[in-house]
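First the proteins, then the strands, lettered A, B, ... as listed; each starts at 1.
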Amino acid sequence: MAGKPKLHYFNGRGRMESIRWLLAAAGVEFEEKFIETPEDWDKLRSDGHLMFQQVPMVEMDGMKMVQTRAILNYIATKYNLYGKDIKEKALIDMYTEGIADLNEMIIVLPLCPPDQKEAKIALIKERTTDRYLPVFEKVLKSHGQDYLVGNRLSKADIHLVELLYYVEEIDPSLLANFPLLKALKTRVSNLPTVKKFLQPGSQRKPPINEKSLEQAKKIFR
Amino acid sequence: MATKPKLFYFCGRGRMESIRWLLAAAGVEFEEEFIETTEQYEKLLKDGRLLFGQVPMVEIDGMVLTQTRAILSYLAAKYDLYGKDLKETVRINMYTDGTLDLMLMIAVAAFKPPAEKEESLALVVKRAKTRYFPVFEKILKDHGEDFLVGNKFSWADIQLLEAILMVEELDASVLSEFPLLKAFKTRISNIPTIKKFLQPGSQRKPPPDSHYVEVVRSVLHF
């Protein structure tokens with residue numbers, strides 16, 4: 001029997017969180033090896049396990065995969081969350097990339113110098129309500145289906161719902177004018193695998209705090 | 001008869017160049033509409049053709065696609081340049097994500113002030129020499145095959161060649177420690193479709209100059 005996937009990252013969201021969400025939503029149990037000290041980080045690199053000296057890295061099916069998108073696409077294909085043909089896949093990819101762009105702004109926010117933070121948050125809020133959420137609300141409205149693509153759950157829905165949770169953490173009122181997105185969030189959150197992942201005690205990670213950020217900076221120097 | 005794909009972007013490399021390379025290498029003829037004014041851009045926005053308000057945008061097979069990677073993946077799959085199974089596909093994705101990261105550093109550097117730009121480009125060369133090219137040299141060495149994945153020409157080979165040529169423009173000696181990459185460069189450059197694309201007069205774009213930067217800044221208001 002194949003071993004469980006093993007995720008190598010630090011103990012926080014960062015770029016690994018969307019991979020955790022996707023595996024969890026697909027009902028795949030996984031293990032995690034946290035990088036906790038500079039020595040852990042040095043060893044991982046010197047052992048030659050990181051193709052481009054970067055994490056995330058996921059050991060799965062005999063491979064050591066790196067590059068967030070490559071990993072997500074592998075998982076989505078394997079667990080049938082990538083549409084039924086290349087045209088549906090293109091839509092899923094297009095939506096996913098937009099979601100990833102906004103998510104990127106949120107991921108790097110903790111690294112922003114304090115004097116620029118307010119402006120960055122304002123930009124995130126603007127992009128959320130003006131550029132990204134209207135697109136997905138419109139997609140759902142245009143076909144009236146439960147999921148973004150092909151009337152079936154795909155990685156696009158999972159990434160979007162993950163993002164909606166982060167948007168809500170920044171400011172719940174940002175979701176006010178997007179009823180269909182709120183409904184999608186509820187619907188996907190109620191899927192048994194996702195519901196389980198949303199419970200306390202799951203492998204879902206909390207927002208980074210000052211202490212973890214300082215620790216991460218020490219590890220990655 | 002199918003219409004040709006149509007590319008909407010500025011007249012320069014930016015994020016569209018990898019798409020041009022992939023289409024050209026696959027032997028697919030394509031048209032281009034160059035964005036030169038704010039009015040043109042605003043029309044595209046108003047007509048709802050830019051999903052997130054951004055280019056690149058490619059009209060192909062009845063779809064209006066944006067997001068560079070979504071477009072590249074679609075083309076790779078359509079033209080059979082994406083490996084024979086999932087394990088080959090994931091390797092191609094890992095390699096192309098890496099080379100695309102490197103090339104985007106170059107694209108973004110064009111818009112920085114001179115001192116920062118020089119620093120960024122120096123970092124690109126350093127990354128190429130220490131992080132990216134050693135990996136690909138080793139891959140070629142380990143399997144001894146002509147192509148990066150599955151002993152067959154794929155998107156990964158096209159993008160690696162594109163990255164090599166781009167970094168060579170910054171430092172002509174960058175391949176001096178990588179004999180297999182030098183051989184790879186020659187071999188892939190001689191593939192007929194690619195050879196044609198490397199000729200003067202093709203749709204390949206030159207490195208960004210101050211005019212290009214000016215046009216992009218004025219259209220996108222930054």
Could you walk me through whether B/F52 and A/F136 pass the ring-ring contact (aromatic ring centres under 6.0 Å, His included) check? CA-CA 10 Å; B/F52 301 111; A/F136 299 113; 5.7 Å; yes
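- Judged by distance alone, the side chains of B/T66 and B/Q54 never bring a donor and an acceptor atom under 3.5 Å apart.
- Neither the backbone nor the side chain of A/K138 has a heavy atom closer than 4.5 Å to any heavy atom of chain B.
- Proximity to chain A involves both the backbone and the side chain of B/M94, based on heavy atoms less than 4.5 angstrom apart.
- In this structure, chain A has heavy atoms under 4.5 Å from both the backbone and the side chain of B/V90.
- Only the side chain of A/V135 comes within contact range of chain B, with heavy atoms under 4.5 Å apart.
- Ring centroid separation for the pair B/F136 and B/F184 does not come in under the 6.0 Å cut-off.
- The part of A/D101 that comes within reach of chain B is its side chain, from C-beta onward, which places non-hydrogen atoms under 4.5 angstrom from that chain.
- With a 4.5 angstrom heavy-atom cutoff, A/M65 touches chain B via backbone and side-chain atoms both.
- More than 12 heavy atoms of other shown residues, nucleotides or ligands fall within 6.0 angstrom of atom NZ in A/K78.
- Per-residue counts of heavy-atom pairs under 4.5 Å with chain A were compared for B/G98, B/P134, B/S73, B/G53; the largest is that of B/G98.
- Looking at B/K78, both its backbone and its side chain come within 4.5 Å of chain A, counting heavy atoms on both sides.
- Side-chain contact annotation: A/E162 with A/Y166, donor-acceptor N/O pair under 3.5 Å present.
- A distance-only check finds a donor-acceptor pair linking the side chain of A/E17 to the backbone of A/K205 [under 3.5 Å].
- Here A/E104 pairs with A/R15 in a salt bridge; the nearest charged N to carboxylate O distance falls below 4.0 Å.
- Of the residues considered (A/Q53, A/Q54, A/R127), A/Q54 shows the highest number of contacts with chain B, using heavy-atom pairs under 4.5 Å.
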